[in-house]
Amino acid sequence: MVPAVPTLLLVLLLASLAPGQRQRRPPALESLFEKIKIQENFDVQQVREGLGNAGHPGRWHSSPGGPLWKWFLVGVASKCDYLREYNHQLEATTMAVSASEGKSLAISTFRKLDGVCWEIKQQYRSTKAQGRFLLKSRGSNMDVVVGETDYSSYAILYYQKLRKISIKLFGRSVRVSDAIVGKFEQRITEMNMSEDFTYYFPTYGKSWLSHCSV
């Protein structure tokens, strides 16, 4: 004779696995990227034009698409294996921003390699959320978020692709203040990264800018 207690436990187990009565999985935890604080009242026009003054040091020059406003890449935090292995080969990098359709941004990234300036053109497409953009690619798309900026001296941007996050610090001038670097490093800590994953780019000289004028 089968003992009553084990039989009862078996019946309860089978009942719990019956269709329509299976226990639901708990909701997925909110990703770190979704918790990022986006720049309050973000104004895309100020990113494209700085203070709107032709004499502003952030302005490069005019182009058929309108004025180009340059941002220098100061530092990046990322757990990218390639960056960790080859960070000693980092080259000075500049990003030029110009107007695009609606609230999107036309981005040109310039980097010198073997004495030649290379340009990468990208379109940061606007989304329903202010301060959040979508960068489309043949593979997986990349989410871009403006975490913090004062428009005139610095901007901290987040990038996410395949759930991997990178944080970049841009400056209107070659160098930024220690206070701004502190803001950047605080953001890095919030993303569970440390100085081991933080890299600062070389400074820029007039000779480099002459190679990479657009």
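Heavy atoms only: backbone and side chains are in, while hydrogens, waters and symmetry mates are out.
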Item checked: Sequence-distant partners of Thr198, side-chain hydrogen bond (donor to acceptor under 3.5 Å, both in side chains), two or more places apart -> none
Item checked: Set of side-chain hydrogen bond (donor to acceptor under 3.5 Å, both in side chains) partners for Ser153, sequence neighbours left out -> Asp150
Note to self: One pair to check against side chain to side chain contact (heavy atoms under 4.5 Å, CB included): Val176 and Leu169. What are the steps and the verdict?
What the structure shows: CA-CA 9 Å; Val176 297; Leu169 171 63; 4.1 Å; yes
Check: What pairs with Tyr199 under side-chain hydrogen bond (donor to acceptor under 3.5 Å, both in side chains), at least two apart in sequence or on another chain?
Finding: none
Next item on the list: Assess whether atom CG of Asp178 is packed by more than 12 heavy atoms of other residues, nucleotides or ligands within 6.0 Å.
Entry: no
Notebook entry, point to check: Has the side chain of Thr93 got a donor or acceptor atom that lies under 3.5 Å from a matching backbone atom of Arg111?
Noted result: no
Next item on the list: Please list, chain by chain and in numerical order, all residues satisfying side-chain hydrogen bond (donor to acceptor under 3.5 Å, both in side chains) with Gln123, sequence neighbours excluded.
Entry: Ser100
Which atom pairs, donor and acceptor, lie under 3.5 Å between side-chain atoms of residues 141-148 and protein residues at least two apart or in another chain?
| residue | atom | partner | partner atom | Å |
| --- | --- | --- | --- | --- |
| Asn141 | OD1 | Ser137 | N | 3.2 |
| Glu148 | OE1 | Arg187 | NH2 | 3.3 |
| Glu148 | OE2 | Tyr154 | OH | 2.7 |
| Glu148 | OE2 | Lys183 | NZ | 3.3 |

Notebook entry, point to check: Of all heavy-atom pairs between Ala155 and Thr149, which one has the smallest distance, and what is that distance?
Noted result: CB-OG1, 3.7 Å
Next item on the list: Would you list the pairs meeting salt bridge (Lys or Arg N to Asp or Glu O under 4.0 Å) in which at least one residue belongs to residues 120-137, sequence neighbours left out?
Entry: Glu34-Arg132
Check: Would Glu119 and Ser108 count as having a side-chain donor-acceptor pair, cut-off 3.5 Å?
Finding: yes
Next item on the list: Report yes if the side chains of Arg172 and Phe72 come closer than 4.5 Å at any heavy-atom pair, otherwise no.
Entry: no
